[in-house]
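I have placed the structure first, in the form of structure tokens, so that the comments after it can refer back to it.
Please read all numbers here as calculations on a predicted model, not as lab measurements. Reminder, nothing fancy here: chain letters follow the sequence lines and each chain counts from 1.
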Amino acid sequence: MAILETHDLTKVYPTADGPFKAVDQLNLSVNQGEIFGYLGPNGAGKTTTIRMLLDLIRPTEGRASLLGMDAQADSLAIKRRIGFLPAELALWKSQKSIEVVKYVGRIRGGVDMHYVYELAERLQFDLQKRVKAYSTGNKRKLGLILAMMNKPDLLMLDEPTSGLDPLMQQTFNQMMLEVKNEGRTVFLSSHMLSEVQAICERVGVLRSGRLVAVERVDALTHASFKWVKVRFDQIHNIGVSLQRVPGVSDVSTDEDGRVSLRLTGDFDPLLRAMSDHYVVDLDVEDPSLEEIFLAYYDNQVAAPSATDTHAMKELA
Amino acid sequence: MTGTIFLETLRRSWKQIFYWGLGLSIYAFYPFLVLPDEVEDMASFEEMVDAFDPSMLRAFGISDAAMLSSPEGMVGYSFFGFLLLIMSVFAVISGLNVTSTEEDAGIMNVMLSLPINRWQVVIEKLLAYTVMLFGICFIMWLGLLAGDQVAALEINLSAGDYAEGILNVVPGTLLVMGFTAFVATVVKQRTVAIAIAGVFVAVSYVLDMVGRAAGTEAADAVRELSIFAHYNGSEILVNGIAWVSAVIVLSIAVALGMGAMAAFERREITV
């Protein structure tokens with residue numbers, strides 16, 4: 001059953017340079033009990049989509065439904081059953097977070113404070129401080145508590161883990177999996193695949209307002225690779241030999257003798273190939289989302305579908 | 001839940017009631033302290049005022065110089081003459097706080113993701129600021145009563161007269177609040193809303209002042225557009241509330257509040 005659906009959802013903003021399509025004919029479907037990743041680079045239209053779903057802004061064209069109800073006409077009924085964390089959480093700075101929690105709880109018609117304290121304990125969050133005293137990560141935790149405290153059927157989280165330390169990200173992932181196991185749904189927006197790949201089953205990728213792909217995460221991560229930069233103590237002609245290592249491609253050597261390469265698959269063959277040389281520095285970088293998708297569609301290019309071809313054009 | 005925003009706004013703002021009330025009470029108290037000690041001194045004061053150009057006196061809401069020779073007239077002019085102008089500052093701040101302050105800070109994103117109607121946000125906040133206004137008025141009234149007790153001259157005013165004088169400022173203040181709330185839900189930027197509300201109060205005050213000074217029929221007609229023309233604070237303790245004007249101003253304030261509700265329903269929350 002689809003918990004979230006959009007049909008040709010479009011948002012156009014007038015600008016000095018003419019109309020700007022922030023979201024362009026978005027057709028999306030998220031199923032009940034799913035953790036869906038909504039991915040795209042900054043400015044792709046992720047937040048605009050969420051704002052339309054929440055009826056904070058109105059679509060220029062198209063429509064959306066959440067929990068089987070119209071996003072605009074049934075906005076109030078929908079909001080009783082959702083929890084939302086905005087990308088940039090702003091709250092009343094001079095209030096203590098416990099006061100904010102109680103206020104939001106009263107608007108919701110009541111809140112289970114035992115559950116609030118349980119969430120705070122898991123996130124290692126002190127509810128007694130004033131909002132202005134919190135770090136970015138702690139504000140994020142407060143936002144998560146506010147979004148989750150009414151145990152919503154649908155959680156809409158915009159960049160939820162930005163500012164959270166790795167341990168807290170693990171806790172967050174665990175909490176999202178628990179939500180999923182309870183049959184509830186999570187719609188999670190992010191600009192990093194690595195952030196969502198641990199918990200999402202499917203991801204939709206947005207670019208310049210258009211949905212360019214909806215894929216299973218494992219299909220994408222399988223096509224994923226790393227950028228590796230290695231600096232040796234002496235300038236060697238190792239680049240040529242590294243090109244023959246399984247999984248290694250795009251090898252280049254700069255003037256300082258630093259070798260850059262792209263690695264798909266395991267590290268072991270590469271490390272063995274370098275073992276005869278003294279490695280001064282080794283830097284491993286995740287590819288950008290677009291690079292991952294290009295890699296994914298490169299693998300699919302042998303038998304491209306209409307969607308794939310369209311996506312590749314969009315990403316190119 | 002209905003009433004939650006109303007109560008929360010009051011909970012967070014009770015100190016403002018106290019600060020505004022206390023500040024204005026001190027201002028209310030001051031004219032009683034500077035009243036001349038003797039009736040003869042009041043007469044000489046009247047002679048001094050008589051020497052002023054009548055158009056200048058009219059500009060400040062004094063239609064008759066003799067009015068200033070009475071303690072009632074002095075208190076009316078010194079305190080009530082400028083009260084609406086001062087309360088307009090409160091009204092503009094409150095009007096902005098109805099939606100604009102939280103929207104500008106990004107808090108409205110969270111608020112409107114909760115199960116609450118947009119019109120409910122506007123009406124509950126407007127009601128909360130109206131209650132605050134009455135709270136401030138009550139403290140001001142206590143300040144006037146205290147001043148009455150320490151005045152050197154006998155003042156022939158009852159607690160009811162002072163209350164009437166204070167209540168006279170309510171319609172105009174609510175109109176400025178409603179106007180600001182409405183403008184803030186229509187224009188995109190908060191700074192533009194502040195500017196429009198400020199210009200509205202300033203132009204309104206100047207229209208009234210110039211209209212009174214000119215004293216012509218045409219000037220009087222234009223003056224009617226000013227909220228200050230319907231306030232007539234300087235002579236409130238002598239003439240009492242002009243109820244028809246008060247009801248008209250109050251009706252416009254309610255209409256503006258309803259306009260703010262309608263405009264906020266359609267508003268795109270873009271911050």
Ring-ring centroid check B:Phe228 B:Tyr205, cutoff 6.0 Å: yes

Between B:Tyr162 and B:Trp141, ring centroids under 6.0 Å: no

Presence of salt bridge, A:Glu34 and A:Lys180, under 4.0 angstrom: no

Interchain contact, A:Leu89 with chain B, by part (heavy-atom threshold 4.5 Å): side chain

Residue part contacting chain B, namely of A:Lys11, when any heavy atom lies under 4.5 Å: side chain

Residues A:Tyr38 and A:Ser190: side-chain donor-acceptor under 3.5 angstrom: no

Interface moiety of B:Arg267 toward chain A, non-hydrogen atoms closer than 4.5 Å: backbone

